[in-house]
Number of protein chains: 2
Amino acid sequence: MLLSTKGDYGVRAMIDLAKHEGEGPVQRAEIARRRQIPESYLDHLLAQLRRGGFIRSTRGPGGGHELARPADQICLLDLLESLEGSLAPLQCVENPAGGPEAICGQDWVWKEIYDDMRVRLAAVSLADLVEHERDHERELVTSAHYVI
Amino acid sequence: MLLSTKGDYGVRAMIDLAKHEGEGPVQRAEIARRRQIPESYLDHLLAQLRRGGFIRSTRGPGGGHELARPADQICLLDLLESLEGSLAPLQCVENPAGGPEAICGQDWVWKEIYDDMRVRLAAVSLADLVEHERDHERELVTSAHYVI
DNA sequence: ACAATGTTGACCGGATTGGTCGAGAATAGT
DNA sequence: ACTATTCTCGACCAATCCGGTCAACATTGT
Ligand code: FES
Ligand code: FES
């Protein structure tokens with residue numbers, strides 16, 4: 001399992017914020033309910049996202065959280081690396097692993113996979129994810145409509 | 001970190017065995033020394049590889065471990081999945097995650113990445129890894145030879 | 001018989017995961 | 001000034017996983 005719930009929950013929360021972009025701050029409780037995340041755990045994720053510069057938060061009545069940048073300027077790669085730390089499948093893919101390289105010769109395979117993965121993740125923005133989700137919802141609705 | 005040391009060590013050990021294919025059984029102690037794996041830990045990995053049908057082991061003096069199939073018929077995917085369990089980057093990429101899908105819409109991205117990864121891993125055999133290692137060694141030797 | 005070697009399972013300390021809880025700080029409304 | 005609302009921060013916790021050790025035992029060659 002490359003991603004922990006941190007990454008998964010974090011992205012869920014961001015998608016939720018992106019979906020309500022421009023409607024003012026969204027509250028922790030709302031996000032937690034809609035995306036099925038324990039509210040007190042969500043705290044930590046929001047804190048991390050805030051430190052990462054992805055969201056802005058405002059306190060007091062009517063407060064909440066909102067995207068710090070437009071959804072199409074936030075890519076999945078930045079988001080996940082901020083939440084999870086490095087996504088490298090192995091240690092040595094990032095640290096060139098000083099010692100003699102003859103010990104374990106599989107690094108090149110993983111380097112290729114890793115590079116490809118990062119390119120793909122960098123190409124997906126939060127806006128794309130929202131789009132996909134909306135498509136999926138529409139699909140569900142229409143298929144339900146025409147059944148029978 | 002998608003792979004733990006189990007996968008890394010396990011592949012190291014297999015490469016070592018592949019490199020000495022046809023020379024009779026290779027001992028635990030030798031593998032451990034050459035590939036820098038704690039000997040008593042290596043035990044567990046060899047047991048797992050044996051259960052997975054990748055190696056045969058013989059006891060007694062002159063005993064040791066050897067490949068159960070030719071090195072070009074063992075692919076990295078089988079090996080790693082046997083050692084590490086599923087390599088899925090997220091839970092829901094394998095279990096279709098019964099519930100309402102609107103909760104977290106990033107699965108399609110990871111599904112793509114995962115499929116691609118598995119194809120790549122399936123295309124690499126143990127023999128390829130040995131080849132790569134030999135190339136690398138030759139390269140080191142010649143570059144050292146022509147320096148200064 | 002004995003030495004070499006593999007086989008198995010119990011055990012262990014430390015790190016990480018996935019949270020909970022509570023005290024406090026900022027802000028809007030009255 | 002007071003209160004209700006909401007975020008903020010850090011302490012704490014239980015469970016699991018990771019990497020590894022160790023001791024007891026089984027098998028085989030000489
Ligand atoms: S040490 Fe880098 S792949 Fe094994
Ligand atoms: S639950 Fe599947 S990607 Fe989040």
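Because only heavy atoms are used, hydrogens play no part in the values below, and waters and symmetry mates are left out as well, while side chains stay in.
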Visitor: Please determine if a side-chain N or O atom of B:Tyr9 lies less than 4.0 Å away from the OP1 or OP2 oxygen of D:dG19.
Guide: no

Visitor: Look at the aromatic rings of B:Tyr41 and B:Tyr9 and report parallel, tilted or perpendicular, splitting at 30° and 60°.
Guide: perpendicular

Visitor: Quickly work out the B:Arg50 CZ to D:dA26 C1' distance and round it to whole Å.
Guide: 12 Å

Visitor: Check the distance between D:dT6's C1' and A:Arg33's CZ and give it to me in whole angstrom.
Guide: 16 Å

Visitor: For a quick check of understanding: with a heavy-atom distance under 4.0 Å over all strands, which category does A:Ser40 fall into, base, sugar-phosphate or nothing?
Guide: base

Visitor: Tell me which residues in residues 41-49 of chain A lie within less than 4.0 Å of DNA chain C, going by non-hydrogen atoms.
Guide: A:Tyr41, A:His44

Visitor: Can you measure A:Gln27 atom CD to C:dA26 atom P for me and round it to whole angstrom units?
Guide: 19 Å

Visitor: Just the rounded figure in Å: distance from P of D:dT21 to CD1 of B:Ile37.
Guide: 12 Å

Visitor: Measuring only between side-chain heavy atoms, which start at C-beta, is A:Ile55 closer than 4.5 Å to A:Leu17?
Guide: yes

Visitor: Would you say B:Arg28 places a side-chain N or O within less than 4.0 Å of OP1 or OP2 belonging to C:dT5?
Guide: no

Visitor: Is a side-chain donor or acceptor of A:Asp128 paired with a backbone partner of A:Ser125 at a separation under 3.5 angstrom?
Guide: yes

Visitor: For D:dG19 and B:Thr5 - does any side-chain N or O of the residue sit under 4.0 Å from the phosphate oxygens OP1/OP2?
Guide: yes

Visitor: Figure out the CZ/C1' separation between B:Arg12 and D:dG19, and round it to whole Å.
Guide: 13 Å

Visitor: Please state how far atom CG in B:Leu17 lies from atom P in C:dG6, giving the value in whole angstrom units.
Guide: 11 Å

Visitor: Calculate the interatomic distance between A:Met1 atom CE and C:dT16 atom P; express it in whole Å.
Guide: 18 Å

Visitor: Quick one: list whatever passes side-chain contact (heavy atoms from CB on, under 4.5 Å) with A:Glu66, sequence neighbours left out.
Guide: A:Pro25, A:Arg56

Visitor: Please work out which residues in residues 51-66 of chain B have a non-hydrogen atom less than 4.0 Å from an atom of DNA chain D and list them by number.
Guide: B:Arg59, B:Gly60, B:Pro61

Visitor: Using whole Å, report how far CG of B:Asp8 lies from P of D:dG20.
Guide: 11 Å

Visitor: Using the ring of A:Tyr114 (Phe, Tyr or Trp, six-membered ring only), decide whether A:Arg118 places NZ or CZ under 6.0 Å from its centre and within 45 degrees of its axis.
Guide: yes

Visitor: Spell out, as yes or no, whether a donor-acceptor pair under 3.5 Å connects the side chain of A:Glu81 to the backbone of A:Ser86.
Guide: no

